[in-house]
S.K.: 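Sharing a structure, written as C-alpha cells. Questions coming.
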2 protein chains.
Amino acid sequence: MTDLDATFAALADPTRRAILSMLLEDDMAVTDVAEPFDMSLAAISKHLIILQKAGLISQEKRGRVKWCKLEPDALRGASTWMQSFGQFEPVNLDAFEAFLATQLEDE
Amino acid sequence: MTDLDATFAALADPTRRAILSMLLEDDMAVTDVAEPFDMSLAAISKHLIILQKAGLISQEKRGRVKWCKLEPDALRGASTWMQSFGQFEPVNLDAFEAFLATQLEDE
DNA sequence: ATGATCGTCAACCATTTGGTTGAATAATGG
DNA sequence: CCATTATTCAACCAAATGGTTGACGATCAT
C-alpha cells in the first residue's frame, strides 16, 4: 500500500474524517474521541490506528491515557496529487512527485 | 455514501488513480484505458463505473465505443475539505510552478 | 448475413473492512 | 491491596471490494 493509498483510504470513511475534524480543535484522549460516536470504544480505537498508519495523526501514551494529535502534513502528498488535476495542462506526474520528494528532503 | 466518501474511496485505489492520470492526457475509450493494465477488461470497466459514480469522469457512448473524459471539478469538494486542515495550497502552487520551471529548462 | 469488436452483466471467489463482544493489560486512586 | 479507568486484543460476523470467467447485446466491417 502506497502512501496515497493509505491516505485516501483513511479519508474515505466519514467517522475518520469526523475524528480529524475534532482533532483540529485540540489533542484528545482516545476515550474522549470516542464519546460522541454511537460506536464501541474498540471500533474507534481501530479507526485511530488506521489514521495513525496513514500518518494523519500521531499517538503518544502518557500514563494510561493515549493522546491523539493531528498531523496535517500527512495530507500534503494527497493534496498535491489532487491539485495536479484540473488547474494545469498535461504534465508528467511521476516527475512532479519526484520533484516534490526532493523539495521535502530539503526541509 | 456522501460525495466525499465516494471521492476519497475512488482515489484510494492505485489503478483508478493511474486511470485518472492517463485521462489527463486525453479522452480515451474503455478498451484503450484497459490496455496497459494486467487485468481483465471487465475489471477496468468496473473501475471506470466507480470513477463515474464519484463524478471524477464522464462516459459518453458513440457507436460501440464509450469515451471516458476526466472531470477534474469533482475534486473540488475533496480538495476544499483537505485545505481546511492546513496550509497546503500555497505551498503546493509554489512547488508546482517551480516544477514547471524545471520542466521548461529541460526542453 | 456473418463475423469480429466493444463493453457490460451475472455469477462466483478470496480478501478486506467496519463493526461487535468479552477478556486482557496497564496505570491510577483510595 | 482492590476497584476503577483507559485502551487494546482476539475472535467473530456481515457486508463491501477487487478480481475472475463466460455469456450477452450492440455496433461495425466485409
Side-chain angles (χ1 to χ4, degrees), chain A residues 1-23 26-71 78, chain B residues 1-23 26-71 78:
Chain A
M1 177 129 95
T2 72
D3 269 15
L4 285 175
D5 286 17
T7 304
F8 284 128
L11 294 177
D13 184 277
T15 301
R16 288 192 291 265
R17 288 198 308 277
I19 290 172
L20 293 177
S21 292
M22 291 164 58
L23 291 176
D26 205 353
D27 299 358
M28 294 178 79
V30 173
T31 304
D32 295 331
V33 169
E35 198 273 331
F37 295 98
D38 188 20
M39 193 181 297
S40 72
L41 184 60
I44 296 295
S45 176
K46 283 188 188 178
H47 280 304
L48 288 169
I49 288 166
I50 289 171
L51 287 170
Q52 186 185 22
K53 282 188 176 163
L56 290 163
I57 67 168
S58 58
Q59 292 180 287
E60 184 199 355
K61 196 164 181 180
R62 285 203 296 275
R64 62 183 165 180
V65 175
K66 198 170 192 177
W67 293 92
C68 305
K69 177 176 171 21
L70 191 64
E71 296 289 348
Chain B
M1 178 130 95
T2 73
D3 269 15
L4 286 175
D5 286 17
T7 304
F8 284 128
L11 295 177
D13 185 277
T15 301
R16 289 193 290 264
R17 287 198 308 277
I19 290 173
L20 293 177
S21 291
M22 291 165 59
L23 292 176
D26 205 353
D27 299 356
M28 295 179 79
V30 173
T31 304
D32 296 330
V33 169
E35 198 274 331
F37 296 97
D38 187 20
M39 194 181 300
S40 72
L41 182 61
I44 296 295
S45 176
K46 284 188 188 179
H47 280 303
L48 290 169
I49 288 166
I50 289 170
L51 287 170
Q52 187 186 19
K53 283 187 174 163
L56 289 163
I57 67 168
S58 58
Q59 292 180 286
E60 185 198 355
K61 196 164 181 180
R62 285 203 297 274
R64 63 181 166 182
V65 174
K66 197 168 192 178
W67 293 92
C68 304
K69 177 176 170 27
L70 192 63
E71 296 290 348

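Numbers restart at 1 for each chain; the letters A, B, ... are given by sequence-line order, proteins then strands. All heavy atoms count here, side chains included; hydrogens, waters and symmetry mates do not.
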S.K.: Ignoring hydrogens, what is the shortest heavy-atom contact between A:Leu51 and A:Ala10? Give both atom names and the distance.
M.R.: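 Taking A:Leu51 first and A:Ala10 second, the nearest heavy atoms are CD2-CB, 4.2 Å.
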S.K.: Whole-Å distance between C:dG7 P and B:Ile19 CD1?
M.R.: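 Taking CD1 of B:Ile19 and P of C:dG7, I get 13 Å after rounding.
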S.K.: Go through the structure and list residues passing side chain to side chain contact (heavy atoms under 4.5 Å, CB included) with A:Ser58, not counting sequence neighbours.
M.R.: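 Side chain to side chain contact (heavy atoms under 4.5 Å, CB included) list for A:Ser58, sorted by chain: A:Lys69, A:Glu71.
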S.K.: Are the side chains of A:Met28 and A:Ile19 in contact, using a 4.5 Å heavy-atom criterion?
M.R.: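 Contact flag for A:Ile19/A:Met28 side chains = no.
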S.K.: Could you tell me whether A:Ala29 contacts a base, only the sugar-phosphate backbone, or nothing, with contacts defined as non-hydrogen atoms closer than 4.0 Å?
M.R.: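 A:Ala29: backbone/sugar contact only, no base atoms under 4.0 Å.
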S.K.: Measure CG/A:Asp13 against P/C:dT16 and give the value in whole Å, please.
M.R.: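 After rounding, the gap between these two atoms is 18 Å.
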S.K.: Tell me whether the side-chain N/O atoms of B:Ser45 come closer than 4.0 Å to OP1 or OP2 in C:dG7.
M.R.: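 Checking C:dG7 against B:Ser45, no side-chain N or O comes under 4.0 Å of OP1 or OP2.
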S.K.: In whole Å, I'd like the distance from the CG atom of A:Asp5 to the P atom of D:dT17.
M.R.: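 Whole-Å distance recorded here is 15 Å.
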S.K.: With sequence neighbours excluded, what pairs up with A:Ala78 under the side chain to side chain contact (heavy atoms under 4.5 Å, CB included) test?
M.R.: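 A:Leu4, A:Thr7, A:Phe8, B:Met82.
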S.K.: What residues from residues 47-54 of chain A pass a heavy-atom cutoff of under 4.0 Å to DNA chain C?
M.R.: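 Contacts with DNA chain C under 4.0 Å: A:His47, A:Ile50.
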S.K.: CG of B:Leu41 versus P of D:dG22: gap in Å, rounded?
M.R.: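 Between P of D:dG22 and CG of B:Leu41: 15 Å.
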S.K.: For B:Met39 and D:dT17, give me the distance from atom CE to atom C1', rounded to whole Å.
M.R.: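 For the pair B:Met39 CE and D:dT17 C1', the rounded distance is 13 Å.
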S.K.: Given atom CG of A:Asp38 and atom C1' of C:dT20, what is their separation to the nearest angstrom?
M.R.: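 Going from CG in A:Asp38 over to C1' in C:dT20 covers 13 Å.
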S.K.: Under 4.0 Å from any atom of DNA chain D, heavy atoms only: list the residues of residues 57-67 of chain A that qualify, in numerical order.
M.R.: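 A:Arg64, A:Val65, A:Lys66 - these, ordered by number, are the residues of the stretch whose heavy atoms sit under 4.0 Å from the strand.
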S.K.: Looking only at heavy atoms, what is the nearest atom pair of B:Val30 and B:Gln59, with distance?
M.R.: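 In this case the closest contact between B:Val30 and B:Gln59 is CG2-NE2, 4.1 Å.
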S.K.: Please list all pairs meeting salt bridge (Lys or Arg N to Asp or Glu O under 4.0 Å) that have one or both residues in residues 47-63 of chain A, counting only residues at least two apart or in different chains.
M.R.: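 Passing the test, one end in residues 47-63 of chain A: A:Glu60-A:Arg62.
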S.K.: Show me the pairs that pass side chain to side chain donor-acceptor pair (under 3.5 Å) and involve residues 26-42 of chain B, at least two apart or across chains.
M.R.: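 Applying side chain to side chain donor-acceptor pair (under 3.5 Å) to every pair that reaches into residues 26-42 of chain B, excluding sequence neighbours, yields nothing.
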S.K.: Identify the pairs formed between an N or O of the protein and an N or O of nucleotides 11-15 of chain C at a distance under 3.5 Å, and give each distance.
M.R.:
none

S.K.: Grab the CD1-P distance between A:Ile44 and C:dT21 for me, whole Å please.
M.R.: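 In whole Å, C:dT21 P and A:Ile44 CD1 are 14 Å from each other.
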S.K.: If we only count heavy atoms from C-beta on, is the B:Leu56 to B:Leu11 side-chain gap below 4.5 Å?
M.R.: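 Yes, at least one pair of side-chain atoms sits under 4.5 Å.
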S.K.: Taking all non-hydrogen atoms of both residues into account, name the closest pair between A:Ile57 and A:Leu48 and its distance.
M.R.: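 Reported closest heavy-atom pair: CD1-O, 3.6 Å.
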S.K.: Taking salt bridge (charged side-chain N to carboxylate O under 4.0 Å, His left out) as the test, write out the residues that go with A:Arg16, two or more places apart.
M.R.: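 Residues passing salt bridge (charged side-chain N to carboxylate O under 4.0 Å, His left out) with A:Arg16: none at all.
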S.K.: Which residues pass the side chain to side chain contact (heavy atoms under 4.5 Å, CB included) test with B:Pro14, not counting sequence neighbours?
M.R.: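 B:Pro14 satisfies side chain to side chain contact (heavy atoms under 4.5 Å, CB included) with A:Asp5, B:Arg17 once adjacent residues are dropped.
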